[in-house]
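Not measured: the values here are computed from a predicted model. Computation of the quantities below employed the complete heavy-atom set of this structure, encompassing side-chain atoms and omitting hydrogens, waters and symmetry-equivalent molecules. Note that the numbering runs from 1 along the sequence shown for the chain.
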Amino acid sequence: MVASVIAEADASVPVTSVRATRGKYLRAAPVAQLYEQKRVRHAGSFPALEDEMCAFGPEGLLNGRSPDRLDALVWAITALALTPKAAEPRMRRV
C-alpha cells in the first residue's frame with residue numbers, strides 16, 4: 001500500500017520492501033549503538049519520534065502501542081549506515 005501511494009505521488013522515488021526476521025528490540029540494538037557513539041544526529045525536532053525512542057524497551061512501548069516511527073527510523077539507519085554497499089569506483093581530485 002505504501003509503495004503504491006509513493007509511486008502515485010512520484011514514480012521515480014525508489015521503494016525497498018523489507019521483512020523483519022528479528023524482533024524490534026533486537027533490530028534496534030545496532031542503531032542504538034550508533035547513537036551512543038554519536039554517529040547519528042537529527043536535523044530538526046521530532047518530538048513524537050523522540051517520545052517513542054525514550055519509551056521503548058524490550059517489551060515494546062510503555063503504553064503498549066507499536067513504535068511505528070522508531071521502527072521506520074531503525075530500518076532507515078540500518079539501510080544507510082549498517083548495510084554493506086557494493087564498492088563503486090571513486091576518483092579523487094588531487
Peer 1: With the side chain counted from C-beta on, respond yes when Val15 and Val2 share a heavy-atom pair under 4.5 Å apart, and no when they do not.
Peer 2: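 Contact flag for Val15/Val2 side chains = no.
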Peer 1: How far apart are the C-alpha atoms of Arg41 and Tyr35, what are their side-chain angles, what is the distance that settles it, and do they pass the side-chain contact (heavy atoms from CB on, under 4.5 Å) test?
Peer 2: CA-CA 8 Å; Arg41 294 185 196 100; Tyr35 275 93; over 6 Å; no
Peer 1: Residues two or more places apart in sequence or in another chain: which of them pass salt bridge (charged side-chain N to carboxylate O under 4.0 Å, His left out) with Arg27?
Peer 2: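 Checked Arg27 against salt bridge (charged side-chain N to carboxylate O under 4.0 Å, His left out); matches are Asp71.
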Peer 1: Tell me whether Leu62 shares a hydrophobic cluster with Met53, the cluster being built from Ile, Leu, Val, Met, Phe, Trp, Tyr side chains joined at under 4.5 Å.
Peer 2: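 In one cluster with Leu62: Met53, no.
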Peer 1: Students often mix this up, so state it plainly: with edges at 30° and 60°, are the rings of Tyr25 and Phe56 parallel, tilted or perpendicular?
Peer 2: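 Ring orientation of Tyr25 relative to Phe56: tilted.
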Peer 1: Would you compute the distance between atom CG of Asp68 and atom CG of Leu61 and round it to the nearest 0.5 angstrom?
Peer 2: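 Here the interatomic distance stands at 8.5 Å.
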Peer 1: Starting from Val40, can I reach Trp75 by hopping between I/L/V/M/F/W/Y residues whose side chains sit under 4.5 Å apart?
Peer 2: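 No, no single cluster joins them.
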Peer 1: Test of understanding: clusters of I, L, V, M, F, W, Y form through side-chain heavy atoms closer than 4.5 Å, transitively. Do Leu80 and Leu73 belong to the same one?
Peer 2: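 Shared cluster, no.
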Peer 1: If we only count heavy atoms from C-beta on, is the Lys24 to Ser66 side-chain gap below 4.5 Å?
Peer 2: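 The answer is yes; the side chains approach within 4.5 Å.
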Peer 1: Tabulate below the donor-acceptor pairs under 3.5 Å that side-chain atoms of residues 45-52 make, not counting sequence neighbours, or state none.
Peer 2:
residue, atom, partner, partner atom, Å
Glu52, OE1, Arg69, N, 3.1
Glu52, OE1, Leu70, N, 2.9

Peer 1: Would you kindly confirm whether Leu26 and Val31 end up in one hydrophobic cluster when ILVMFWY residues are joined by side chain heavy atoms under 4.5 Å apart?
Peer 2: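 Looking at the clustering, Val31 is in a separate group from Leu26.
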Peer 1: Nearest heavy-atom pair of Ala81 and Leu34: which atoms, and what distance?
Peer 2: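 The pair with the smallest heavy-atom distance is CB-CD1, 4.0 Å.
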Peer 1: Within a radius of less than 6.0 Å around CD of Gln37, do more than 12 heavy atoms belonging to other residues, nucleotides or ligands occur?
Peer 2: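 Yes.
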